[in-house]
Each structure stands twice: as structure tokens, then as C-alpha cells.
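One structure is given below, encoded as C-alpha cells.
Values reported hereafter were calculated over all heavy atoms of this structure, with side chains retained and with hydrogens, waters and symmetry mates removed.
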Amino acid sequence: MVLKIFFPQCCNRAESGLLVGRWISGHDSAVVLAVIHYPFIPGQVKQYIQQMQAQSGVELTVLGSWSLPKEGQESMESFLRDLSTIFPQQRWLQVSRQMGKMGFICEVVNRNQNGQETQQEAKKQNEEEEEKVIFVHYEQRKVMLSQLHPTESGDPDPNTEPSSELKQVFQTVARSQPLFFLDRYDDGPLKSTHWQSEGREASIIVELLKQASVPLCMLISWLLALWTWICNIRIFSLYPLRFLSSKLSTCVQISYRTEHMRTLSSPKPAAGHKQFMRKGNILVSFLVDVGLGILLMSWLYRDDHIATLANMLMPAADHVAKELEELLQWLMGAPAGLKMNRALDQVLGRFFLYHIHLWISYIHLMSPFIEGILWYGGLSVCLGLTFALSLLSDMVALLTFHIYCFYVYGARLYCLKIYGLSSLWRLFRGKKWNVLRQRVDSCSYDVDQLFIGTLLFTILLFLLPTTALYYLVFTLLRLVVVLFQGILHLSVDFINSFPLFAMGLRIFRPYRLAEGVKFQVLCDEPGTALHLLMEINPLKCSTVVQTYRTPTYSCYPRDSWAALVKKLFVGELIYPWRHKSTKAD
């Protein structure tokens, strides 16, 4: 039988005293948390442990005694052995360390039903029936701040013990923080050794920030309440405004950031590790987003870059319109030597040319206001780089609205002909589509129906190449715009969802996110117990991203690649990568 004792490294040279810790339920192991130094009064030790139990919720107890011999303390070891009668336990650990040796000697005092004591010394030469003792040394601060993965889903119940022995060790050390407020430099009746014994990690700046965060959170909560009241005004609930806000990327980003600020300004502390990490990721993401936005704004308003962009926008729009006109003129001729239907070709070409002229007139009408729109719109960049990218996506959608119209016209006409041909093809085979049962059934047609179907099939088949060519050209233009908007949407989603706080912990403090532990032999001297060193294995970076990625209105393709190709073939409309919260058209 093996007894495992998890011993903190900071207590290896502690003064003689009592070992305070906890027996792990369901396992033959114990966790040492601190060493209370001699001299002490047993009644005060019992009262202190009861107070720590009430504050931490951990079943603390006196595990045994710790002896580090010094000059003039030769009788200390026998005195500490006698303390087992004052602190009655089924097991009393009497750990001692000899000068000049690295290993410990542990004697386990067991109490039988008659109250008699038997001593067993854990040495390498002991017989097999005697109890073996293994010391597992751990770094207390790292274990206390570490979170062992995988974590439990939902809010963990503090009264429920995890089944794993290792998780119980980590949970015990993490919940015993009130025990670490007392150190050997305090003026109280008790002095102890633990990880904070060399000085408490406190900062005046951190304490001031904690105090200032309370009124700041109250101010943010009041501003969010005011913003929510403005958004709930009846005029903003009308269908046109509600529909427009659901389509604009800027409005979606504003609602998303509003939800983030509600989470950050909540007065309630984080209920668990995952909620704490989520708040940390949101805060760091928001600060990085705003920092990048301020850098972009400083560049825009320096050296009059906004005027330069406004002066470049109009020639670019005219150049795009001119290229579209030349493309339509090429399609109205004999594109690539193809013989098209002359009448339909001219009708479609003039129809699209008329829309281009309307678009050019609209652009020139708005040209005096372009610089002002860019100047005032650039002020929103201070809210973050994601707002700038969302605004750019909306501007691209507005400036390429004529390309979208061309694509819709061509796609609808092409889709009508494709579905018409497929329906007439079923007519030739004596089939029809059953709308109620959603399947193809057999059907008998008379001669007139077959004759009319043949005429319509011939007309649609010979007009299909002309329509398909216009549809192909405008679909390619639409795909270019959709690809650019998709890149912008994915960039916004990356900034919003990437766990920067968790990744920073993984890089600079890898022990905070633990995937497991590893052991290495620290000491195996004859006459002493086996000593192992427990080290923390950090979580993989890919696992950190998957575990702590912030949920967003993620922009993903609505369909697979096969479904997208099918839509393009039959002429169904495709849209930019949409948000999960928006309803598909």
C-alpha cells in the first residue's frame, strides 16, 4: 500500500511545527498546505483551522508534524510526536528531515480500534507489508493559479468533489487561499510557511484600479441602459429600419459590442473559470480593437488622408462604370465569336446600360458630400478597428449595388429558364412534380399539352445561351464582391472571437492553463522515502483557441462547397457570408 503526500516546495526548509492540509477523500493521499511554526498553543491552532474551514470550505486538519532539527532542539521530535494525542487522527504523519540529506523520513502513526498506536517507518529496506510513502513535491503558487483541463461544463458545484485525485489536489490548493494570508512575518500568535511567506504580492496601483473599476462599471451600466432605451424607441422598431439594421454590418457590430459591455460592466463576479476567462478575453479583445482603431484614426486624420481618399473614390467609381459599359458593349456584339440571340442580346444590354447611367448620375450627385461622409464616418473608428471594417463592408455593398442588381436580374432570368426546361423535360418523359408529396410521379399528357410543351422547350433552349452568358459574367463580378466582403467579415469575427487573454496566459504563464502533469524523480536516497517532482504540462495552443474562443455572430458559409456549386448552376441567389442571428432570405 502506497501513501502519497503532496508536499509544497516552499516548505522544504520550514521551521519545525505542524503540517496543515487535507486528506484526499477516496484516495490514499494527503495534501500539505502550510507549516505552522513552533511555538504555538494547540487551542489557538484548532480555532484557526476552524476559521479557515469556514472561509475556504475545505476540510482542513492537522496532518502531522514537521521536524527540521536545529541546535538546542533535540527533544523537539519527541514533543511533536506527543501532539498526536491532542490532535486525534486515524493517521499521524511525522515527517522529519536530517541535516545534509535531501530526502525526508516519514513515520506513519496509525490508531486501531482500541486506541493503541503502531509506528511504521517508510524506508526503502522496509518489508512489502509495510506502508510505502511517496512525497510528491509541487510548486504551490502554480498549482493554486492553475486550471486543470478539461474543465467541467456549466457552473461547477463547490460542494461536489471531482472523481480524479489530481483534480482534488488542484481544487484543494486553489480553494485554500484564505490559509495563505497568514505568514511568518505577521505579529499574530501563529506563524506559518507557505508560498507567500517571502512577502505578499500586492500592488498599490492594482488596488487603486480595483477601487476605480466600481464607479466605472456603474457609469458604463448607466450608458448602456440609456442606449438600450434609445434603441427601444418605437420608431426604430418599424420594419424598414429593423430590416436595414439587420443587413448592415455596422449595426450588427454595435449590437455585439453592446452585449460585450453588458458582460464586462456586470457587478457580479465571475461564477467559474470559464466565465472569468470569457470576461478576460472580451476585455483584452476590446482594448486591442480600440487601440488598433485609434492608430487607424490617427493615420486617417494626419496629412489629410481623408481628402485624398475622397478624391480617389470618384475616379475609381467612374472607372468601374466605364469598364462595365465596355463589357456590356462586348456582350452585345459577338463575345468570343459566339452567335447570340440578337433581339434578346440587345434588350438585356440596353437594360443594363440604363442602370449604369442611373448609377453614374447617383454617384455624381453624391460627390460633393463624399468627403464629409468620410470625415464624420472616420470618427467612428475610435470605437475600434472592427467598426472600421464593418463600415468599409457596408460602403462596398452600397458602392457595388448596381453589380448586385445586375446579378439578381441575370440570376432570376437564368433560374426561370433552368426550372422551365427541367419541368418541360419531365413532360417529355411523362412525369410531373407532385407538390404535396414532394416527389416526381407519372402523368399522362394529351397531344396539345405535348405540342405546347415542345414549343416552349425549344424557345427556352435556344434563348438559354444568351441568358447564361450574361448570368456568368455578372456572377463572376458578384463573387469578387462577395469574396472581399467575406474577408472583411472574417477579419471582424477573428478580432471579436480570438481568445487573446487565454493565449497571452498560455505564452507568458503557461502553468495557468494545465493539460496535465508530469513527474520526475527528485530524490531516491537510501533510508528515505521516494521523492517526485510534479510539473505542469501546459495546454496546447490549438486547444486553447478551441476551448476559449468567444462565441460570436460568426460569419461562415451558409452552404457547403457542393451546395454552392449547385446554387450557381441552377441560378439561385448567393449572399455574403451571413451572420447566424440573421434570417436567410
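To the nearest 0.5 Å, the span separating CG on L392 from CG on L399 amounts to 9.5 Å. In this structure, the separation between SG on C541 and CZ on R506 is 4.5 Å, given to the nearest 0.5 Å. The line from CG of D28 to NZ of K132 is 14.0 Å long, rounded to the nearest 0.5 Å.
Residues satisfying the ring-ring contact (aromatic ring centres under 6.0 Å, His included) test with F170, not counting sequence neighbours, are none. The side chain to side chain donor-acceptor pair (under 3.5 Å) search around Q520 returns E535, not counting sequence neighbours. Judged as a ring-ring contact (aromatic ring centres under 6.0 Å, His included), and not counting sequence neighbours, the contacts of F135 are F104, H531. Residues forming a salt bridge (Lys or Arg N to Asp or Glu O under 4.0 Å) with K279 (at least two apart in sequence, or on another chain): none. The side chain to side chain contact (heavy atoms under 4.5 Å, CB included) check on S298 picks up R302, with sequence neighbours excluded. In this view, R509 satisfies the side chain to side chain donor-acceptor pair (under 3.5 Å) rule with no residue, not counting sequence neighbours. For Q53, the side chain to side chain contact (heavy atoms under 4.5 Å, CB included) partners are I49, L60, not counting sequence neighbours. Every side chain to side chain donor-acceptor pair (under 3.5 Å) that S29 has, sequence neighbours left out, goes to E165. For F519, the ring-ring contact (aromatic ring centres under 6.0 Å, His included) criterion is met by no residue, not counting sequence neighbours. Residues meeting the ring-ring contact (aromatic ring centres under 6.0 Å, His included) test with H260, sequence neighbours left out: Y256.
Pairing each heavy atom of L19 with each of S65, the nearest pair is CD1-O, 3.6 Å. Looking at every heavy atom in both residues, C382 comes nearest to I294 through O-CG1, 4.5 Å. Between S56 and M52 the shortest heavy-atom distance is OG-O, 2.7 Å. In terms of heavy atoms, V381 sits closest to G293 at CG1-O, 3.1 Å. L93 and L3 make their closest contact through CD2-CD2, 3.7 Å (heavy atoms, listed as atom of the first residue, atom of the second, distance). The two residues P499 and V544 have their closest heavy-atom pair at CG-O, 4.1 Å.
Aromatic ring pairs are classed by plane angle as parallel below 30°, tilted from 30° to 60° and perpendicular above 60°; the pair F40 and Y38 is perpendicular.
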Could you tabulate the donor-acceptor pairs under 3.5 Å formed by side-chain atoms of residues 280-291, not counting sequence neighbours?
residue : atom : partner : partner atom : Å
N281    : OD1  : F501    : N            : 3.2
N281    : OD1  : A502    : N            : 3.0
N281    : ND2  : M277    : O            : 3.0
N281    : ND2  : Y548    : O            : 3.2
S285    : OG   : I495    : O            : 2.6
D289    : OD1  : L385    : N            : 2.5
D289    : OD1  : T386    : N            : 2.9
D289    : OD2  : R257    : NH2          : 3.0
D289    : OD2  : T386    : OG1          : 2.6

Q | Candidate pair Q253 and N496, rule side-chain contact (heavy atoms from CB on, under 4.5 Å), full reasoning | A | CA-CA 9 Å; Q253 180 62 19; N496 287 333; 3.0 Å; yes
Q: Using the side-chain hydrogen bond (donor to acceptor under 3.5 Å, both in side chains) rule, take H149 and T543 through it: C-alpha gap first, then chi angles, then the decisive distance, then the call.
A: CA-CA 10 Å; H149 291 75; T543 309; over 6 Å; no
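Of the possible polar contacts, one joining the W66 side chain to the A14 backbone as a donor-acceptor pair under 3.5 Å is found. A distance-only check finds no donor-acceptor pair linking the side chain of R512 to the backbone of Q147 [under 3.5 Å]. Proximity of a side-chain donor or acceptor of R175 to a complementary backbone N or O of G57 within less than 3.5 Å is detected. T400 places a side-chain N or O within donor-acceptor distance of the main-chain N or O of V396, the cut-off being under 3.5 Å. Between the side chain of R22 and the backbone N or O of T172, no donor-acceptor pair lies under 3.5 Å. At distances below 3.5 Å, at least one donor-acceptor pair connects side-chain atoms of S16 with backbone N or O atoms of L68.
Under the salt bridge (charged side-chain N to carboxylate O under 4.0 Å, His left out) criterion, no residue pair touches residues 41-51, with sequence neighbours excluded.
Taking a cutoff of 4.0 Å between a charged side-chain nitrogen and a carboxylate oxygen, D493 and R549 qualify as a salt bridge.
Environment of CD in Q44: crowded, with over 12 heavy atoms of neighbouring residues, nucleotides or ligands closer than 6.0 Å.
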